[in-house]
2 protein chains.
Amino acid sequence: MNLKQLADHLKLSPTTVSRALNGYPEVSEKTRNRVLAAAEANHYHPSHHATRLAKGKAHVIAHVVPLSVHTMINPHFSDFIAGAGLTYAKAGYDMILRVVMESEEEAVYRSFAKDGRVDGVIVHGPRVGDTRIALLQDLGLPFVVHGRTMADDADYSWLDVNNFRAFERATNFLLDLGHQKIALVNGFEDMVFAARRRDGYLKALKDAGIPIDPEIMFSSEMVEPQGYQALKKVLKQAKAPTAILLSSILPALGAVRAIHEAGLVPGKDVSLVVFDDQLSFLQNSGDIPMFTSLRSSIHDAGTRVAEMLLSKINQPDSGFCHELWEAEFVLGSSTARPPQA
Amino acid sequence: MNLKQLADHLKLSPTTVSRALNGYPEVSEKTRNRVLAAAEANHYHPSHHATRLAKGKAHVIAHVVPLSVHTMINPHFSDFIAGAGLTYAKAGYDMILRVVMESEEEAVYRSFAKDGRVDGVIVHGPRVGDTRIALLQDLGLPFVVHGRTMADDADYSWLDVNNFRAFERATNFLLDLGHQKIALVNGFEDMVFAARRRDGYLKALKDAGIPIDPEIMFSSEMVEPQGYQALKKVLKQAKAPTAILLSSILPALGAVRAIHEAGLVPGKDVSLVVFDDQLSFLQNSGDIPMFTSLRSSIHDAGTRVAEMLLSKINQPDSGFCHELWEAEFVLGSSTARPPQA
DNA sequence: TTGTATGCGTTATCAT
DNA sequence: ATGATAACGCATACAA
């Protein structure tokens with residue numbers, strides 16, 4: 001059943017039926033009710049593509065996820081997408097998830113910009129020297145970035161966590177406790193967020209006059225085995241670190257496993273500070289949380305980024321929007337003074 | 001630049017240009033090359049909605065995820081979606097992720113069925129007494145179920161893991177080792193997969209003549225704290241279980257944490273068998289994996305379910321397709337004979 | 001308040 | 001091998 005058939009059935013013109021359905025004021029209450037009832041009774045749903053073609057708006061947001069070396073569809077991503085997805089749904093937007101090989105990514109953006117199937121996109125996980133932002137600016141496709149580049153971040157909209165400050169702060173906290181040897185278990189440092197975290201860590205060490213030791217700095221995918229393997233290595237070093245800074249709860253769990261296997265106690269023999277994205281399935285909460293952490297909800301970030309994009313789409317001339325969130329410091333039971341101090 | 005403009009530019013009719021672009025055989029090679037070159041040069045991309053309207057096919061698959069009591073967007077889901085998404089992309093399909101409140105779920109399916117915006121849907125996590133399957137059959141919208149109902153599973157397509165057998169087998173393995181008291185840390189048992197797992201566990205206990213103890217059976221969301229809390233409870237019981245059967249690696253990590261805190265050693269004082277979805281960020285691998293497990297890749301399931309749906313859409317009369325995957329038993333280092341045996 | 005005519009950008013049908 | 005014309009199903013400017 002399409003609009004014309006419904007109109008014929010009601011002995012009205014398609015125009016009037018369309019107006020009644022879309023809430024135009026000029027149609028009489030009587031007619032509107034007749035139309036609404038008939039639409040309901042006949043399970044009428046307007047054709048999506050016809051509507052979009054006529055209106056010129058897609059009501060769709062795309063998230064393009066490059067399925068590259070380090071898989072982007074990970075638990076961090078799923079919590080982010082849950083927040084964003086709910087926001088879209090509430091606003092009547094659909095969310096397209098487009099998994100692409102890295103080589104096709106540019107072509108996908110180009111077609112999105114031209115074929116009108118989406119109104120905007122979210123850019124995930126900007127890398128150092130990322131070319132996507134310039135491309136999207138060039139294409140004129142509305143976008144918001146979760147994260148930002150290393151510089152030149154004024155001429156596009158983004159939401160980011162102050163990763164530099166969070167890790168500088170975490171390092172200082174450990175230094176204040178008396179730790180002199182602090183390891184870093186970081187994500188891939190070609191990702192901007194990870195690079196900034198490293199820089200915050202290095203800055204704090206430098207300010208404290210502590211030499212950098214590449215042997216206790218790790219950078220790879222933030223998964224459980226990462227933390228396990230890093231601690232296996234580090235714990236057998238002659239002068240092992242007494243504290244570890246980790247980029248996610250996932251490697252932190254692996255770290256705890258390795259520490260236990262070595263017959264040591266986390267939060268006593270080895271201190272751990274973790275960046276906590278508040279992943280819904282790994283709640284680090286309770287009165288005294290398991291981990292001392294810097295906390296910022298990636299779910300909330302997804303919600304907010306989605307809101308930013310929607311308002312950008314509905315008010316194209318509203319200028320750029322920047323939000324830098326400070327992570328919250330939370331004292332847990334994974335930190336103490338170093339053993340010998 | 002649209003088709004007409006491109007045609008004018010080339011001094012050809014839109015028809016010919018369309019044919020050249022879509023690979024119809026009747027257009028001359030010379031013309032085709034001219035058209036292709038001009039399209040490239042002018043960054044021409046056909047309007048998505050116009051194409052879909054004219055063709056009557058959406059080239060879109062939807063995954064409807066009810067954001068209900070137990071959040072469906074979890075790490076299991078994200079690995080599933082990664083597999084499915086890549087399959088769609090390869091086949092030139094888009095994937096819509098629609099997050100819905102449970103109350104609107106039916107309305108969403110109804111509109112999808114009528115408005116032509118999607119060609120088919122994937123049904124996630126069927127519950128006991130799930131009404132979605134009957135609804136979709138009624139609506140005539142192509143679908144494939146990941147999982148299946150408790151009965152009547154002949155008249156729709158599904159892919160499932162043999163959860164009953166996996167848990168029966170795991171229980172028998174522990175019984176054979178000499179364990180008499182085996183706890184179960186399960187997902188929500190209103191989900192069919194969890195109900196089947198429980199039934200497999202109960203069957204094995206019954207066959208061995210071991211009484212059921214509700215005090216050591218847990219059913220809730222499969223997250224890290226679930227395993228932690230369950231083991232906290234269980235370990236302080238007078239006659240504590242010597243083995244635990246867990247529905248996911250996530251609670252297993254929590255279980256390990258609780259065991260360590262109690263000063264015990266997993267795989268020695270307490271044995272653990274885990275259902276391992278092979279979550280990409282928690283690899284339970286290596287020569288001797290951390291956990292003894294029943295293994296079945298949820299990523300591969302996503303891939304296969306997507307393939308099934310696509311072939312169903314392209315051959316609507318091909319009948320129903322059923323795949324029951326057996327989980328692979330993998331011996332790890334988390335199991336041993338019970339301490340006193 | 002309702003209807004007519006036209007456009008949205010393609011593909012499909014039928015000529016030539 | 002190419003073109004004119006009619007769908008596809010809706011929205012909207014303009015008329016009545």
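What you are looking at is a predicted structure, and each value in this text was computed from that prediction instead of being measured.
For the ring-ring contact (aromatic ring centres under 6.0 Å, His included) test, residues two or more places apart in sequence or in another chain that qualify with B:Tyr93 are B:His59. By the ring-ring contact (aromatic ring centres under 6.0 Å, His included) test, B:His63 is found to be paired with B:Tyr88, B:His124, residues two or more places apart in sequence or in another chain being considered. With sequence neighbours excluded, the residues forming a side chain to side chain contact (heavy atoms under 4.5 Å, CB included) with A:Gln315 are A:Ser318, listed by chain and number. Partners of B:Asp300 according to the side chain to side chain contact (heavy atoms under 4.5 Å, CB included) rule, which considers only residues two or more places apart in sequence or in another chain, are B:Ser297, B:Trp325. Taking A:Ala54 as the reference, nothing meets the side chain to side chain contact (heavy atoms under 4.5 Å, CB included) condition, with sequence neighbours excluded. Residues passing the side chain to side chain contact (heavy atoms under 4.5 Å, CB included) test with A:Glu104 are A:Val100, A:Met101, sequence neighbours excluded.
Applying the 4.0 Å criterion to OP1 and OP2 of D:dT2, one finds that B:Ser28 has a side-chain N or O inside that range. Contact annotation: A:Ser13 side-chain N/O to C:dT4 OP1/OP2 distance is not under 4.0 Å. Here B:Thr31 reaches the OP1 or OP2 of D:dT2: one of its side-chain N or O atoms lies under 4.0 Å away.
With rounding to whole Å, B:Leu6 atom CG is found 13 Å from D:dG3 atom P. Spacing between atom CG of A:Leu21 and atom P of D:dG9 amounts to 16 Å, rounded to whole angstrom units. Distance, A:Glu26 CD to D:dA15 P: 16 Å, rounded to whole Å. Separating the CD atom of A:Glu29 from the P atom of C:dT2 is a distance of 11 Å, rounded to the nearest angstrom. Taking atom CG on A:Leu10 and atom P on C:dT2, their separation rounds to 12 Å, with Å as the unit.
Distance CG/A:Leu139 to CD/A:Glu106: 8.0 Å, rounded to 0.5 Å.
Comparing the start and finish of the helix from C:dT1-D:dA16 to C:dT16-D:dA1, five pairs each, the helix axis swings through 40°, to the nearest 10 degrees.
Of the residues in residues 109-116 of chain B, none lies under 4.0 Å from DNA chain D by heavy-atom distance.
Within the structure, every pair that satisfies the salt bridge (charged side-chain N to carboxylate O under 4.0 Å, His left out) test and touches residues 13-28 of chain B, not counting sequence neighbours, is listed here: B:Arg19-B:Glu26. Each salt bridge (charged side-chain N to carboxylate O under 4.0 Å, His left out) pair with one or both residues in residues 140-149 of chain B, not counting sequence neighbours, appears once here: B:Arg148-B:Asp153, B:Arg148-B:Asp160.
Contact annotation: the side chain of A:Glu40 never approaches that of A:Leu36 to less than 4.5 Å [non-hydrogen atoms, C-beta and beyond].
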What one-letter contact string describes nucleotides 8-16 of chain C from 5' to 3', where B marks a base within less than 4.0 Å of any protein heavy atom, S marks contact via sugar-phosphate atoms alone, and - marks no contact?
BBBBBB---

For residues 6-13 of chain A, tabulate all N or O donor-acceptor pairs below 3.5 Å that involve a side-chain atom, not counting sequence neighbours.
{"unit_1": "A:Ser13", "atom_1": "OG", "unit_2": "A:Thr15", "atom_2": "N", "d": "3.4"}
{"unit_1": "A:Ser13", "atom_1": "OG", "unit_2": "A:Thr16", "atom_2": "N", "d": "3.2"}
{"unit_1": "A:Ser13", "atom_1": "OG", "unit_2": "A:Thr16", "atom_2": "OG1", "d": "3.2"}

